[in-house]
Amino acid sequence: MVWATKTVVRIVSGDLSRPGVEVAPLLLGTILTSDIGGRRVSVRVVEVEAYGGPGEDPASHAHHGMTPRNTSMFGPPGTCYIYRSYGIHWCLNVTIGPVGHAAAVLLRAGQVVAGFDVARERRLPPSGRPSLARDLARGPGRLTQALGVTGSLDGSDLLDPGNPLRLTSLDEPATEYLRGPRVGISRAADRPWRFWLPDEPTVSAYREGAVTRREGSER
DNA sequence: CATTTGATGTACT
DNA sequence: GTACATCAAATGG
């Protein structure tokens, strides 16, 4: 089955307070900037995944209600929820509305648009072989590593210009995107709540070859 | 190329 | 103990 479908949207104002996971693609094309360790890195968000609130999305960390880990998911829209993934990586989410609903959007990949050298240094593996520019923030764990993001910023406000980590350019969201099933989950895997920008090599690869590729095949 | 595996924190059964 | 919103190195064709 070919899952990806092309969707054209017109967005007047990017408002994370709007209810529902359909808000997620508003974040595509926004700029995420970190000023951490005295160094600045910015990425253009190219891939996101939406997760619902308690009781409505079995794949969401908020599904069973508030826990010590997911408390920041219950914060106001624009709050970041950062958690440790597989004991190794950090993953960054942005909460969306309505207030207290505990739905969030995982930022899955970005294109580095500033601080290239800093990002490459942070992403240098033990083997010392530098990543391709394309791969610097290609994947949720890589994205946070390139930005220098750790759990210390969990719960902070991404819409606050004074926050070391912030989202900007919300006025000019992408006008066109693709959508398909979420990656790397086993429950509710059929919901097409992953959104990404077309023709972007910095979008993360599919893990399960069976699901889909060739998003251009219909059309 | 594709597929497998090791590393390893935290939440929850 | 088991599962997990992952990644990179190792392995096989």
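Note that the structure is predicted; figures quoted are calculated from it, not measured. Each chain gets a letter, A, B and so on, in the order the sequences are listed, and its residues count up from 1.
The closest side-chain donor-acceptor pair between A/Arg122 and A/Gln145, if any, does not fall under 3.5 angstrom.
A/Arg123 places a side-chain N or O within 3.5 Å of a backbone atom of A/Asp135 that can act as its donor or acceptor partner. At least one donor-acceptor pair closer than 3.5 Å links the side chain of A/Ser34 to the backbone N or O of A/Leu147.
One finds no side-chain N or O of A/His61 lying less than 4.0 angstrom from the OP1 or OP2 phosphate oxygen of B/dA11. The phosphate of C/dA8 (OP1 or OP2) has a side-chain N or O of A/Arg123 nearer than 4.0 angstrom. Remark: A/Ser60 is not in phosphate contact with C/dA5, judged by side-chain N or O atoms under 4.0 Å from OP1 or OP2. The phosphate of C/dT6 (OP1 or OP2) has a side-chain N or O of A/Arg108 nearer than 4.0 angstrom.
Computed from coordinates, the A/Asp135 CG to C/dT6 C1' distance equals 14 Å when rounded to whole Å. Between the C1' atom of C/dT6 and the CD1 atom of A/Ile185 lies a distance of 14 Å, rounded to the nearest Å. In this structure, A/Ile96 places its CD1 atom 18 Å from P of C/dA5, rounding to the nearest Å. One interatomic measurement links the two molecules: CG of A/Leu106 to P of C/dT6, which rounds to 8 Å at whole-angstrom precision. Summarising the geometry, the separation between NE2 on A/His64 and P on C/dC4 is reported as 11 Å, rounded to the nearest angstrom. When rounded to the nearest whole Å, the span between CG of A/Leu92 and C1' of C/dT6 equals 15 Å. Whole-Å rounding puts the A/Tyr51 OH to C/dC4 P distance at 12 Å. In this structure, CZ of A/Arg122 is placed 16 Å from P of C/dA8, rounded to the nearest angstrom.
Searching all strands for a Watson-Crick or G-U wobble partner of C/dA5 with both distances below 3.5 Å returns nothing. The pairing partner recorded for B/dT8 is none, the criterion being a Watson-Crick or G-U wobble arrangement whose two distances lie under 3.5 angstrom.
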Atom pairs, protein N/O to nucleotides 6-9 of chain B N/O, distance under 3.5 Å:
residue: B/dT8; atom: O2; partner: A/Tyr86; partner atom: O; Å: 2.6
residue: B/dG9; atom: O4'; partner: A/Gly87; partner atom: O; Å: 3.4

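Residue A/Arg40 qualifies as open at atom CZ: its count of foreign heavy atoms under 6.0 Å is 12 or below.
If you check every strand for non-hydrogen atoms under 4.0 Å, A/Asn70 touches nothing. Using a 4.0 Å heavy-atom criterion, one finds that A/Arg182 contacts no nucleic acid atom at all.
Summary of the strand contacts: A/Glu49 and A/Pro125 both lie near DNA chain C, and taking for each the nucleotide with the nearest heavy atom, the more 5' one is attributed to A/Glu49. For the pair A/Gln145 and A/Val105, nearest-nucleotide mapping onto DNA chain C gives the more 5' position to A/Val105.
Side-chain proximity of A/Pro68 to B/dA11, C/dA9, C/dA5: nearest is B/dA11.
In this structure, A/Arg179 pairs ionically with A/Glu22, as a charged nitrogen and a carboxylate oxygen lie closer than 4.0 Å.
By the salt bridge (charged side-chain N to carboxylate O under 4.0 Å, His left out) test, A/Arg134 pairs with no residue at all, sequence neighbours left out.
To the nearest 0.5 Å, atom OH of residue A/Tyr81 and atom CG of residue A/Leu106 are 10.0 Å apart. Taking CG of A/Leu178 as the start and CG of A/Asp199 as the end, the distance is 8.0 Å to the nearest 0.5 Å.
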